[in-house]
Amino acid sequence: MESSYNFSSIEKKWQDYWEEKQFFKVDEDPSKQKYYTLEMFPYPSGNLHMGHVRNYAIGDVIARFKTMNGLNVLHPMGWDSFGLPAENAAIKHGHHPTKWTNENIENMKSQLKTLGLSYDWDREVATCKPDYYKFTQWMFLKLYENDLAYKKEAAVNWCPSCQTVLANEQVVEGACERCDTVVEKKKLNQWFFKITDYAQRLLDDLSELPGWPDKVKIMQKNWIGRSEGCEFNLAIDGSDESMTVFTTRPDTVFGVTYMVLAPEHSLVDVISRGTPQEKDVQEFVHRMQFISDVSRTSAETEKEGVFTGAYAINPLNGEKIPIWIANYVLMDYGTGAIMAVPAHDQRDFDFARKYDIPIKVVIKSEDSPADASEMTEAYTGEGVMANSGDFDGLTVEEGIKTINQHMQDKGIGTKTINFRLRDWLISRQRYWGAPIPMIYCEDCGAVPVPYDQLPVLLPEGVEFKPSGESPLNYVENFYKTTCPKCGKEARRETDTMDTFVCSSWYFARYCSPHNSEMPFSKEDADYWMAVDQYIGGVEHAILHLMYARFFTKFLHDIKMLSVDEPFTNLLTQGMVLKDGSKMSKSKGNVVSPEEIIGKYGADTARLFILFAAPPERDLEWNDQGVEGCYRFLNRVWRLVTSCIEDLQEVTLPKTFAELDPDAKKLRFKTHATIKKVTEDLNGRFNFNTAISATMELTNAMNAYREVEEQDLCVLKEAVDTLLILLNPFAPHITEELWKICGNDESLYKLPWPTYDEAALVQDKVEIVLQISGKVRDRMVVPTNTTRENLEKMALENDKIKELTSGKQIIKVIVVPGKLVNIVAK
RNA sequence: GCGGAUGUGGCGGAAUUGGCAGACGCACCAGACUUAGGAUCUGGCGUUGCGAGACGUGGAGGUUCGAGUCCUCUCAUCCGCACCA
């Protein structure tokens with residue numbers, strides 16, 4: 001392969017050089033402006049895939065570009081290394097998760113290194129290491145201290161066949177994703193973080209994140225799901241009990257024709273006791289227990305329910321209203337009970353039609369029949385209140401306000417805000433996670449582990465069996481302990497934390513990765529935080545990003561962080577596809593990064609993945625496209641090496657004298673390219689067009705090499721510029737060529753070039769001549785030709801004259817530097 | 001159902017402020033060099049037409065001297081949420 005450059009030796013050489021010289025190690029430097037760029041750290045699954053390569057290539061270009069722009073750049077990498085796959089591998093092969101994980105980390109790290117990424121490996125973190133999870137436990141204790149961690153009984157998804165708890169994502173259409181058994185609900189005592197306390201702030205502060213994609217902000221907003229409404233009480237007929245409901249439509253209270261309790265509601269038992277319906281109710285409640293939340297709350301599930309035999313009293317008109325229980329009312333939203341207005345709520349409408357419950361229209365509108373029997377669907381639009389006593393005639397908006405106020409005045413109800421965001425269940429009955437640092441004492445109850453006893457270490461000798469319980473339950477020397485308060489024998493918590501807890505604060509750990517006393521020092525975090533540019537897949541748009549925001553706000557509140565949002569700018573990259581679908585082993589469409597790097601080198605791999613599509617869009621893998629990028633780098637190699645001899649004695653002048661047209665053209669291209677690449681990399685991250693621009697420059701240089709009399713200064717400037725601009729994308733080949741050209745300093749240490757305005761001024765410009773918006777001819781004129789002269793020249797143009805002869809010229813539009821448009825009839 | 005995104009040659013994509021649609025790359029075609037080419041170089045390459053030209057950014061309207069870009073409606077694909085009272 002005489003004609004291609006030897007990427008494998010070049011890449012290895014430069015990677016070793018950078019490492020030896022510690023190029024990417026950074027320290028806090030108050031004299032320099034900082035820039036923190038971060039790619040979402042990976043789970044150490046064993047091998048890098050193309051999605052990783054894309055993610056890290058993007059981050060690396062940004063980091064290198066910002067460094068060359070004089071910023072003090074923090075660009076760290078680590079491992080999100082707790083989690084199920086390690087434990088499943090342990091169950092299957094008998095290896096300890098530590099071994100499996102460490103081997104995977106080593107392997108992936110060496111793969112990462114072949115990509116030539118500018119990481120400060122000194123700051124590497126791994127969430128499964130005691131020096132890290134010590135502080136995950138610290139976070140738990142702080143949350144506990146601030147009443148943001150609590151334990152309660154909660155229904156979880158339970159697979160009776162696998163004997164284990166399943167995450168919602170592991171439940172597919174109501175069945176276990178592994179064995180297809182119908183998933184049940186089981187009540188377990190679990191730890192929660194009270195993220196709901198932060199719901200309003202998490203919502204409000206989205207507006208302070210202009211650097212986030214709207215898509216992500218909207219997803220978070222919907223997930224938080226704030227809704228304003230009214231909570232009010234209804235007496236239960238013939239009983240001392242009352243029920244509370246939440247509604248966003250108090251204006252429709254006169255249209256209530258039945259009430260619904262969630263099957264799990266505590267009142268169900270009380271009010272149905274002794275009624276003829278008691279047996280039906282119990283049967284229904286029992287049946288619902290075995291249907292998972294996931295399938296019960298699916299919109300496709302048909303609504304069903306039973307009458308409880310009891311009645312509630314409508315506080316506004318004293319009507320007796322039957323109380324039902326139904327599958328479509330959820331215990332964990334609002335109060336677990338609703339007022340049903342079939343005329344103005346589609347769900348209630350469906351249910352009422354099915355069970356022949358009356359429908360009463362209370363909002364009149366021309367868009368909907370006034371007679372309920374003629375309705376085919378609920379009417380939820382604008383209108384005025386009717387059949388509502390004194391409130392008739394009010395609009396929906398007025399009605400909501402007025403009835404709210406009325407209820408408040410009469411002590412029936414109050415204005416309330418509900419969120420659909422739930423508290424975060426963090427307990428996992430698993431081994432491979434950070435142990436929850438709590439101890440249960442018979443006398444003192446739940447006692448937090450004192451800070452000086454952290455970390456609570458995972459024990460080594462553990463048997464891994466799929467039992468549905470934490471394996472830690474079987475390790476006596478782990479769970480047997482003494483109460484930190486009274487010294488009496490006590491039992492440790494054996495659940496571990498959700499791995500999302502570990503990843504909710506890692507970005508702050510990178511600021512002080514070696515601190516053994518604290519998760520990070522405030523001083524370091526004040527310098528580095530917030531992350532200026534965060535990059536990762538959109539699949540983390542809700543959970544990870546929400547949890548990280550929650551933790552940051554909490555750390556801000558306890559004065560550990562000055563910022564209260566972790567990520568100033570967010571780039572959500574698209575997936576890497578092959579043959580139209582996501583690369584996966586089962587589809588057999590995986591392209592391995594190792595193979596590509598082996599065949600073409602890291603520079604080609606990086607270049608292709610950045611060139612093939614803009615970063616936020618999905619990228620279709622194309623082997624021939626990779627080859628195109630490889631050819632381009634070879635072209636650069638040949639071009640630059642062919643210039644070396646000519647340029648040996650050339651030094652760049654301070655200013656360029658009068659140039660001949662060809663030289664001027666090349667110099668124009670050089671500076672236009674600087675401008676283009678700089679603008680594309682500054683905030684917009686259009687890597688694909690930046691790379692196109694360097695290709696155009698290369699083409700222009702090749703063309704210039706054919707010119708008889710070449711201006712070597714202009715050529716040298718072009719060569720230097722090309723190498724610098726291309727460096728963030730393809731760092732190895734450019735460093736090598738730079739060195740071969742006789743330069744000692746590394747490109748990475750050079751300042752980013754600025755363009756010369758003067759070089760961008762052209763003497764002549766092509767003007768398009770249009771007739772009624774259609775291009776008819778072009779003319780080349782001096783750049784500074786005046787508006788009047790342009791018009792005059794256009795009208796004198798032969799082609800225009802010919803085409804407008806016999807027509808009346810209505811007006812002429814002149815856009816200097818661009819076009820002249822003649823409107824003729 | 002609700003919310004969001006996307007739609008441009010054979011393909012990936014460009015057009016940043018309403019101003020030459022198709023930059024750059026791939027594929028393809030022709031030529032050069034060559035014992036050879038899956039190397040390299042040169043040229044061509046939206047559709048249609050001999051041609052001047054006409055048509056062309058999912059579709060239908062509209063605004064404008066001028067629309068891929070703005071407005072209205074509509075279709076398709078993808079993603080997220082999905083009985084949230």
Side-chain angles (χ1 to χ4, degrees), chain A residues 1-4 213-223 225-227 229-230 245-249 252 260 262 294 296-303 326-330 332-341 345-348 350-351 418-422 538-539 541-542 574-575 580 607-608 611-614 616-629 631-632 634-635 638 676 679-680 684 686 688-696 698-699 702 706 766-778 810-815 817-824:
Chain A
M1 284 228 278
E2 184 209 331
S3 56
S4 50
D214 289 339
K215 180 193 163 95
V216 173
K217 286 190 278 189
I218 287 164
M219 279 165 78
Q220 292 219 349
K221 181 172 177 247
N222 292 340
W223 190 261
R226 182 184 197 271
S227 76
C230 172
V245 298
F246 173 73
T247 179
T248 53
R249 292 294 303 275
T252 62
V260 190
V294 179
R296 213 184 87 189
T297 59
S298 154
E300 274 96 60
T301 308
E302 190 169 343
K303 290 169 188 53
N327 60 347
Y328 76 97
V329 174
L330 309 171
D332 57 2
Y333 183 77
T335 61
I338 63 154
M339 62 173 220
V341 186
D345 182 290
Q346 191 58 40
R347 294 154 299 175
D348 300 342
D350 295 342
F351 192 83
N418 254 300
F419 293 95
R420 63 198 275 192
L421 181 71
R422 307 291 149 83
V538 74
E539 65 272 18
I542 296 174
M575 284 187 296
L607 200 67
F608 169 73
F611 176 62
E616 57 284 338
R617 216 181 294 183
D618 284 349
L619 180 154
E620 174 70 27
W621 188 264
N622 177 347
D623 289 327
Q624 285 164 328
V626 178
E627 236 157 299
C629 288
R631 281 204 293 267
F632 167 63
N634 275 299
R635 245 178 354 255
R638 283 194 302 274
K676 172 77 180 152
E679 285 173 359
D680 277 350
R684 223 174 13 232
N686 288 350
N688 54 334
T689 50
I691 294 168
S692 298
T694 64
M695 288 173 170
E696 285 185 58
T698 308
N699 292 344
N702 270 322
E706 301 297 315
E766 192 183 70
I767 298 290
V768 171
L769 301 180
Q770 297 182 332
I771 295 177
S772 300
K774 303 227 179 223
V775 181
R776 294 303 174 190
D777 204 1
R778 295 143 208 278
I810 297 165
K811 69 177 173 184
V812 179
I813 289 132
V814 182
V815 183
K818 286 218 169 97
L819 58 82
V820 179
N821 187 14
I822 294 151
V823 188

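The chains referred to below are lettered A, B, ... by the order of the sequence lines, with proteins before strands, and numbering in each begins at 1.
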Can you find a donor-acceptor pair, distance only, under 3.5 Å between A/Lys811 side chain and B/C65 base?
no

Side-chain touch A/Thr694/A/Phe611, heavy atoms, less than 4.5 angstrom
no

With rounding to the closest Å, how many angstrom separate the C1' atoms on B/G46 and B/A21?
10 Å

Just call it for A/Arg635: base, sugar-phosphate, or nothing, with non-hydrogen atoms closer than 4.0 Å on any strand.
sugar-phosphate

Give A/Gln624 one of three labels, base, sugar-phosphate or nothing, depending on what nucleic acid heavy atoms sit under 4.0 Å from its own.
sugar-phosphate

For A/Arg226, which contact category applies under a 4.0 Å heavy-atom criterion: base, sugar-phosphate, or nothing?
nothing

Between B/A54, B/G13, B/C24, spot the one nearest the side chain of A/Arg776, thanks.
B/A54

Position toward the 5' end of RNA chain B (nearest nucleotide), A/Gly225 or A/Met219:
A/Met219

Have a look at A/Gln770 and say if it touches a base, only the backbone sugar-phosphate, or nothing, with a 4.0 Å heavy-atom cut-off.
base

For A/Val329, report the nucleic acid contact type (base, sugar-phosphate, nothing); a contact means any heavy atom under 4.0 Å.
base

Sugar-phosphate only, base, or nothing, as touched by A/Ile218 at under 4.0 Å among non-hydrogen atoms
sugar-phosphate

Taking any heavy-atom pair under 4.0 Å as a contact, classify A/Asn821: base, sugar-phosphate, or nothing.
base

Could you check whether A/Gly628 gets within reach of a base, just the sugar-phosphate, or nothing at all, counting any heavy atom under 4.0 Å?
sugar-phosphate

